[in-house]
A.B. asks: 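Before we start, here is the structure in question, set down as structure tokens.
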Amino acid sequence: MGEAPIIIDDFESKSGTLETVTIIGDKKYVIGETAAESFYVKVQILDNNCPGEWVNVVELGTKPISCNGHSAVVLKDRILIFRKDSNPDDCIWFLEVDTTFVREQQKKNLGTEVVAWSKGVIGNAEKPVVISGPSGVGKGTLISMLMKEFPSMFGFSVSHTTRAPRGMEKDGVHYHFTEKNVMEKEIKDGKFLEFASVHENLYGTSVEGVELVSDAGKRCILDIDVQGARSVRASALEAMFIFICPPSMDELEKRLRDRGTETEEQVLKRLRNAQAEIEQGTSSGIFDHILYNDNLKECYENLKKLLGLDGYVTPPKSAPKEIDLPRDHSVSKIDDKIIINSTSSILEKESKNLIMLDVSSLKGGAPGRTRGLNFEAIDSFSEGFNGSGNEPN
Ligand SMILES: Nc1nc2c(ncn2[C@@H]2O[C@H](COP(=O)(O)OP(=O)(O)O)[C@@H](O)[C@H]2O)c(=O)[nH]1
Ligand SMILES: Nc1ncnc2c1ncn2[C@@H]1O[C@H](COP(=O)(O)OP(=O)(O)O)[C@@H](O)[C@H]1O
């Protein structure tokens with residue numbers, strides 16, 4: 001990645017689109033908002049080695065909806081975007097250009113430039129919880145208990161699957177029941193955080209499924225198999241990994257049969273797979289914790305302990321800290337601090353007119369949210385800042 005990127009902050013091009021141009025190494029990233037058909041944010045790349053030719057680019061992830069312009073600042077491997085005139089919880093975005101995730105996707109899309117969008121989240125949300133274990137061990141039961149006792153704290157990541165729904169299962173609640181060819185296309189389009197073939201059906205966690213839960217301010221729970229857990233471990237999504245083990249194979253078989261949701265053939269298939277899953281789950285090093293589900297009540301109490309919920313007292317609700325980005329601003333960067341300086345009306349200048357954003361502890365990222373952003377609003381005059389509109393560098 002080249003040194004000293006040059007940034008042209010928020011200029012209005014002749015075609016009437018609002019664009020920023022960010023130069024990183026040999027590449028020029030034009031991030032624009034266009035009204036050609038409908039308003040949308042678009043990334044175009046020019047390679048200095050091939051003057052005048054636009055590079056083929058694949059944009060992964062959910063991108064920001066269009067707004068009234070934006071500013072851009074280069075961080076090490078991504079471009080930080082501030083959307084103007086946007087809600088406080090939707091003004092910070094990242095366009096990843098050289099992160100591990102992007103490099104991995106680059107390998108899969110040979111010959112095509114890949115960039116990935118990720119929304120920025122102020123503060124550190126609680127890590128998602130991955131729960132794995134063989135079919136019939138009690139994962140669903142434990143998760144239901146947790147969601148029932150703490151409805152505002154946890155949200156379930158609704159997976160996609162190609163298996164048929166069981167009697168009581170609802171589409172969009174228990175699973176998104178999907179056709180195989182549709183799911184395969186969506187996997188190709190980068191919409192999944194992970195996917196795996198389990199008991200001869202395809203299962204997968206969509207990026208959107210996880211984001212919906214974190215956007216609702218809840219801690220995400222994923223019920224996925226060991227292969228899926230391994231993929232999540234390798235992804236940017238930091239999570240807590242818990243494996244649920246049965247007390248014995250006989251008891252597992254009894255639970256599966258008593259549940260009465262599978263045909264004899266499916267029960268046998270699940271039991272055959274269970275042995276390998278238990279071996280991998282207890283020995284692979286993927287999981288942070290192993291819980292034995294012998295007595296359900298005890299196992300649930302142990303799960304709550306792991307999640308720091310034993311003796312839990314409901315905390316008073318405090319409003320989330322949100323960034324109030326000035327409509328007109330300049331952006332500058334000093335090490336890991338981004339300084340956003342209001343350049344607008346006297347009214348705004350009377351109040352705190354500098355925002356200092358700390359990007360030293362970024363976590364997560366595409367596919368999914370970028371967490372760990374911290375900020376402080378400062379009155380530039382009382383704090384001795386001169387507030388001069390530095391151009392970012
Ligand atoms: N990798 C992956 N596994 C999943 C996902 N959703 C469910 N699974 C796993 O698929 C397996 C079968 O799930 P299901 O058909 O609901 O049967 P059950 O385990 O008997 O309740 C279980 O091990 C689930 O944890 C997913 O999105 N990704
Ligand atoms: N500790 C336990 N003791 C006895 N039965 C249990 C226990 N935990 C769960 N079960 C029962 O076992 C069956 C399978 O549980 P379920 O939550 O559906 O498993 P999974 O989601 O892992 O496939 C259900 O009928 C459930 O009521």
Side-chain angles (χ1 to χ4, degrees), residues 128-148 156-171 173-178 183 186-187 191-210 213 220-235 237 239 241-263 265-278 280-281 286-287 291-303 367:
V129 185
V130 170
I131 297 191
S132 294
S135 181
V137 72
K139 303 177 297 295
T141 308
L142 289 162
I143 292 169
S144 299
M145 290 166 84
L146 205 56
M147 305 262 295
K148 197 168 167 207
F156 186 60
S157 152
V158 181
S159 293
H160 285 58
T161 182
T162 59
R163 88 146 156 77
R166 292 173 189 148
M168 300 296 285
E169 284 179 336
K170 285 203 187 97
D171 188 32
V173 177
H174 298 93
Y175 280 106
H176 296 289
F177 295 100
T178 314
M183 192 163 162
E186 291 185 345
I187 289 171
K191 297 207 167 141
F192 282 82
L193 183 64
E194 63 77 31
F195 61 91
S197 172
V198 192
H199 316 314
E200 291 172 14
N201 281 302
L202 203 52
Y203 292 80
T205 309
S206 69
V207 174
E208 194 187 356
V210 175
V213 177
C220 188
I221 302 186
L222 290 81
D223 173 347
I224 59 176
D225 86 317
V226 177
Q227 307 167 71
R230 185 177 282 114
S231 304
V232 174
R233 221 352 152 198
S235 79
L237 187 87
F241 294 79
I242 302 174
F243 188 77
I244 315 284
C245 227
S248 67
M249 287 304 285
D250 287 348
E251 173 64 18
L252 186 68
E253 181 167 355
K254 182 177 177 310
R255 285 181 199 174
L256 255 183
R257 290 192 188 286
D258 289 352
R259 189 171 73 183
T261 48
E262 264 68 36
T263 61
E265 193 194 339
Q266 284 164 346
V267 167
L268 294 176
K269 192 181 293 163
R270 279 157 195 265
L271 287 172
R272 272 198 304 274
N273 292 342
Q275 197 65 54
E277 284 175 278
I278 294 168
Q280 287 180 42
I286 300 170
F287 294 92
L291 285 181
Y292 285 85
N293 184 16
D294 189 353
N295 177 296
L296 182 61
K297 197 163 167 284
E298 268 173 33
C299 185
Y300 180 58
E301 289 306 316
N302 287 335
L303 175 63

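Atoms within a ligand are numbered from 1 in the order they appear, just like the ligands themselves. Every heavy atom of this structure was used, including side-chain atoms; hydrogens, water molecules and symmetry mates were not.
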A.B. asks: Which residue holds the protein heavy atom closest to atom 13 (O) of ligand 1, what is that atom called, and what is the gap in Å?
C.D. replies: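 Heavy-atom neighbour on the protein nearest atom 13 (O) of ligand 1: Tyr175 OH, 3.3 Å.
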A.B. asks: Should Ser206 and Phe195 count as side-chain neighbours, where that means a heavy-atom distance under 4.5 Å?
C.D. replies: no
A.B. asks: For atom 27 (O) of ligand 1, what's the nearest protein heavy atom and its distance?
C.D. replies: Ser159 OG, 2.6 Å
A.B. asks: Going by the order shown, which atoms of ligand 1 are within less than 4.0 Å of some heavy atom of Gly228?
C.D. replies: 1 (N)
A.B. asks: Can you find a heavy atom in the side chain of Val173 that is under 4.5 Å from one in the side chain of Val158?
C.D. replies: no
A.B. asks: Which residue holds the protein heavy atom closest to atom 28 (N) of ligand 1, what is that atom called, and what is the gap in Å?
C.D. replies: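 Answer for atom 28 (N) of ligand 1: Glu194 OE2, 2.7 Å.
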A.B. asks: Apply side chain to side chain contact (heavy atoms under 4.5 Å, CB included) to residues Ser135 and Leu256 and explain how you reach the verdict.
C.D. replies: CA-CA 7 Å; Ser135 181; Leu256 255 183; 3.6 Å; yes
A.B. asks: Is the closest heavy-atom distance from His174 to ligand 1 below 4.0 Å?
C.D. replies: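 Under 4.0 Å: no for His174.
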A.B. asks: Taking the side chain as every heavy atom from C-beta outward, state whether Leu146 and Tyr300 have any pair of such atoms under 4.5 Å apart.
C.D. replies: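 Sidechains of Tyr300 and Leu146: in contact.
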A.B. asks: Less than 4.5 Å apart, any side-chain heavy atom of Gln275 and any of Met249?
C.D. replies: yes
A.B. asks: Among all protein heavy atoms, pick out the one at the shortest distance from atom 16 (P) of ligand 2; state its residue, atom name and that distance to 0.1 Å.
C.D. replies: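 Here the closest protein heavy atom is Thr141 OG1, 3.5 Å.
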A.B. asks: Please report which non-hydrogen protein atom sits nearest to atom 12 (C) of ligand 1, along with the residue it belongs to and the distance in Å to one decimal place.
C.D. replies: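 Scanning the protein heavy atoms, the shortest distance from atom 12 (C) of ligand 1 goes to Tyr203 OH, 3.5 Å.
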A.B. asks: May I ask you to identify the nearest protein heavy atom to atom 19 (O) of ligand 2, giving residue, atom name and distance to one decimal place in Å?
C.D. replies: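 Going atom by atom, the protein heavy atom closest to atom 19 (O) of ligand 2 ends up being Gly138 N, 3.1 Å.
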A.B. asks: If you take the nearest heavy atom of each of Glu262, Lys139, His160, which one is closest to atom 19 (O) of ligand 1?
C.D. replies: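 Shortest heavy-atom distance from atom 19 (O) of ligand 1: Lys139.
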A.B. asks: Between Glu194 and Arg230, does the salt bridge (Lys or Arg N to Asp or Glu O under 4.0 Å) criterion hold? Intermediate values first, please.
C.D. replies: CA-CA 9 Å; Glu194 63 77 31; Arg230 185 177 282 114; over 6 Å; no
A.B. asks: Nearest protein heavy-atom contact for atom 3 (N) of ligand 1: which residue, which atom, what distance?
C.D. replies: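 Minimum-distance protein heavy atom for atom 3 (N) of ligand 1 reads Asp225 N, 3.1 Å.
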A.B. asks: Heavy-atom distance to atom 24 (C) of ligand 2: which of Arg270, Arg259, Lys297 wins?
C.D. replies: Arg259
A.B. asks: Going by the atom numbers of ligand 2, which of them fall below 4.0 Å from some non-hydrogen atom of Asp294?
C.D. replies: 1 (N), 2 (C), 3 (N)
A.B. asks: Provide, to 0.1 Å, the distance between atom 25 (O) of ligand 1 and the closest protein heavy atom, together with that atom's residue and name.
C.D. replies: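 Here the closest protein heavy atom is Asp223 OD1, 2.6 Å.
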A.B. asks: Using a strict 4.0 Å threshold on nitrogen-to-oxygen distance, state whether Arg255 and Glu251 make a salt bridge.
C.D. replies: yes
A.B. asks: Looking only at protein heavy atoms, identify the closest one to atom 21 (O) of ligand 2 and say how far it is in Å.
C.D. replies: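 Closest protein heavy atom to atom 21 (O) of ligand 2: Gly140 N, 2.9 Å.
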A.B. asks: At a 4.0 Å cut-off, with the gap strictly under it, does some heavy atom of Arg259 reach an atom of ligand 1?
C.D. replies: yes
A.B. asks: Going by distance only, is there an N or O of Glu169 that falls short of 3.5 Å from an N or O of ligand 1?
C.D. replies: no
A.B. asks: I want to check something: taking the side chain as every heavy atom from C-beta on, are Ile131 and Leu142 in contact at a cut-off of under 4.5 Å?
C.D. replies: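 Ile131 does not reach Leu142 side chain to side chain.
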A.B. asks: At a 4.0 Å threshold, what atoms of ligand 1 neighbour a non-hydrogen atom of Ser135?
C.D. replies: 18 (P), 19 (O), 20 (O)
A.B. asks: So, do Asp225 and Tyr203 sit near enough that their side-chain heavy atoms are less than 4.5 Å apart?
C.D. replies: no
A.B. asks: Is the shortest distance from a heavy atom of Arg163 to ligand 1 less than 4.0 Å?
C.D. replies: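 Yes; Arg163 lies near enough to ligand 1 that a heavy-atom distance drops under 4.0 Å.
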A.B. asks: Just so I know, are the side chains of Ile278 and Pro246 near enough to count as touching, which here means a heavy-atom distance under 4.5 Å?
C.D. replies: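 Contact flag for Ile278/Pro246 side chains = yes.
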A.B. asks: Can you classify the ring geometry of Phe241 versus Phe287 as parallel (below 30°), tilted (30 to 60°) or perpendicular (above 60°)?
C.D. replies: perpendicular
A.B. asks: Which protein non-hydrogen atom lies closest to atom 14 (C) of ligand 2, naming both residue and atom, and how far is it?
C.D. replies: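 That would be Gly136 O, 3.5 Å.
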A.B. asks: Walk me through whether Met145 and Leu296 qualify under side chain to side chain contact (heavy atoms under 4.5 Å, CB included).
C.D. replies: CA-CA 10 Å; Met145 290 166 84; Leu296 182 61; 4.1 Å; yes
A.B. asks: With atoms numbered from 1 as shown, which atoms in ligand 2 lie under 4.0 angstrom from a non-hydrogen atom of Leu296?
C.D. replies: 1 (N), 2 (C), 8 (N)
A.B. asks: Knowing that exactly one of Arg166, Lys269, Arg163 qualifies, which makes a salt bridge (Lys or Arg N to Asp or Glu O under 4.0 Å) with Glu262?
C.D. replies: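 With Glu262 as partner, Arg166, Lys269, Arg163 yield a single salt bridge (Lys or Arg N to Asp or Glu O under 4.0 Å), made by Arg166.
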A.B. asks: Please evaluate residues Met183 and Phe192 with respect to the criterion side chain to side chain contact (heavy atoms under 4.5 Å, CB included), reporting the C-alpha separation (whole Å), side-chain torsions for both, the decisive distance (0.1 Å), and the verdict.
C.D. replies: CA-CA 9 Å; Met183 192 163 162; Phe192 282 82; 4.1 Å; yes
A.B. asks: Closer than 4.0 Å to some heavy atom of Ser135 - which atoms of ligand 2 meet that?
C.D. replies: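 Per the distance check, 23 (O).
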A.B. asks: Does Arg166 reach ligand 1, in the sense of a heavy atom lying below 4.0 Å from it?
C.D. replies: yes
A.B. asks: Using a strict 4.0 Å cut-off to heavy atoms of Val198, name the atoms of ligand 1 that fall inside it.
C.D. replies: 10 (O), 11 (C)
A.B. asks: How about His160 and Glu186: do any of their side-chain heavy atoms sit closer than 4.5 Å?
C.D. replies: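 Yes, close enough: below the 4.5 Å cut-off.
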A.B. asks: With atoms numbered from 1 as shown, which atoms in ligand 1 lie under 4.0 angstrom from a non-hydrogen atom of Gly204?
C.D. replies: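 Answer for ligand 1: 26 (C), 27 (O), 28 (N).
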A.B. asks: Looking at ligand 1, does Arg270 have a heavy atom less than 4.0 Å from it?
C.D. replies: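 Contact present.
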A.B. asks: Taking non-hydrogen atoms only, is Pro134 closer than 4.0 angstrom to ligand 2 via side chain, backbone, both or neither?
C.D. replies: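 Answer for Pro134: backbone.
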A.B. asks: Regarding Arg259 and Thr261, do their side chains bring together a donor and an acceptor under 3.5 Å, going by distance alone?
C.D. replies: yes
A.B. asks: May I ask you to list the atoms of ligand 1 that are less than 4.0 angstrom from any heavy atom of Ala196?
C.D. replies: 1 (N)
A.B. asks: Could you check Thr161 against Phe177 for side chain to side chain contact (heavy atoms under 4.5 Å, CB included), going step by step and ending with a plain yes or no?
C.D. replies: CA-CA 5 Å; Thr161 182; Phe177 295 100; 3.6 Å; yes
A.B. asks: Nearest protein heavy-atom contact for atom 3 (N) of ligand 2: which residue, which atom, what distance?
C.D. replies: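 Looking only at protein heavy atoms, the one closest to atom 3 (N) of ligand 2 is Arg255 NH2, 3.3 Å.
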A.B. asks: Return yes when Asn293 approaches ligand 2 closer than 4.0 angstrom through a heavy atom, no otherwise.
C.D. replies: yes
